[in-house]
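Structure, as structure tokens:
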Amino acid sequence: MNSRRMMVVLAGVCAAGSLVFGQEAKPGVIKLPALPYAESALEPAISAKTMGFHYGKHHKGYLDNLNKLIAVSELESLPLEEIIRVTAKAKDKDGVAIFNNAAQVWNHTFFWNSMKPKGGGKPTGALLEKLEKSFGSYDKFKQAFQDAATGQFGSGWVWLVADGDGLKIIKTSNADTPVAHGQKALLTCDVWEHAYYLDYQNRRKDFVATFLDSLVNWDFAAAQLSR
Ligand SMILES: [Fe+2]
């Protein structure tokens, strides 16, 4: 993206305002949000070893790359979500790299918050009603989420997103994110192999079943509805 086009795009984005999820944007530095629980807190569903690598190496790696890429650029003072939107359609090497790393920073923070110790199972209240209205039943939602996760070819993410008055499941490849498409995410599961290979090897289906049965943070998902 050339600098003139970048400035035009930035003017539009800044005028539109922004939502910031979990990340603090200060000039030149986007911070790594703390995990909402200890690295061992999701055991045995996800081991401390997996969390240590996933958060401490992968998530931090995306963040370090992003901060290097945006340093001394027009992007460095923008909140993370705006950086994602500005670079979502970039075709040039630097723009694509910034998008990929920014989106992965956001996606991972959202993933950590999509889980909690002793989570999983059915939601309650208005969210359960929306799930049942949108999918027919909780079990049908669960099957559709598992099918999307196992059907995602290669690396990516499965999401529960708002869809008008209802909900729907989408999957995104690699770093792609609902933020880039103006969609409101409620929940996500990371289906990159680095998310589960140490604990589940090639059994993505088992990992996603455990995510739904033992990890999902429905309180977080419900809170996203009112964002
Ligand atoms: Fe990941």
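Whatever order the structure lists ligands and atoms in, that order sets their numbers, starting from 1.
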Within less than 2.8 Å of the Fe ion (ligand 1): protein N, O or S atom count: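 My tally for this metal is 4.
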Side-chain ion pair, Arg85 and Glu81, N-O less than 4.0 Å: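 A salt bridge links Arg85 with Glu81.
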Pairs satisfying side-chain hydrogen bond (donor to acceptor under 3.5 Å, both in side chains), at least one member in residues 143-152, at least two apart: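 side-chain hydrogen bond (donor to acceptor under 3.5 Å, both in side chains) check on residues 143-152 returns Gln143-Asp147, Gln152-Ser173.
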Centroid separation His108 to His194 less than 6.0 Å: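 Yes.
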Ring centers of Trp159, His181 separated by less than 6.0 Å: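 Not under 6.0 Å, so no.
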Results of salt bridge (Lys or Arg N to Asp or Glu O under 4.0 Å) for Lys60 - residues two or more places apart only: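 Applying salt bridge (Lys or Arg N to Asp or Glu O under 4.0 Å) to Lys60 gives Asp64.
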Qualifying residues under ring pair (Phe, Tyr, Trp, His ring centres under 6.0 Å), relative to Tyr138, sequence neighbours excluded: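 Ring pair (Phe, Tyr, Trp, His ring centres under 6.0 Å) check on Tyr138 returns Phe141.
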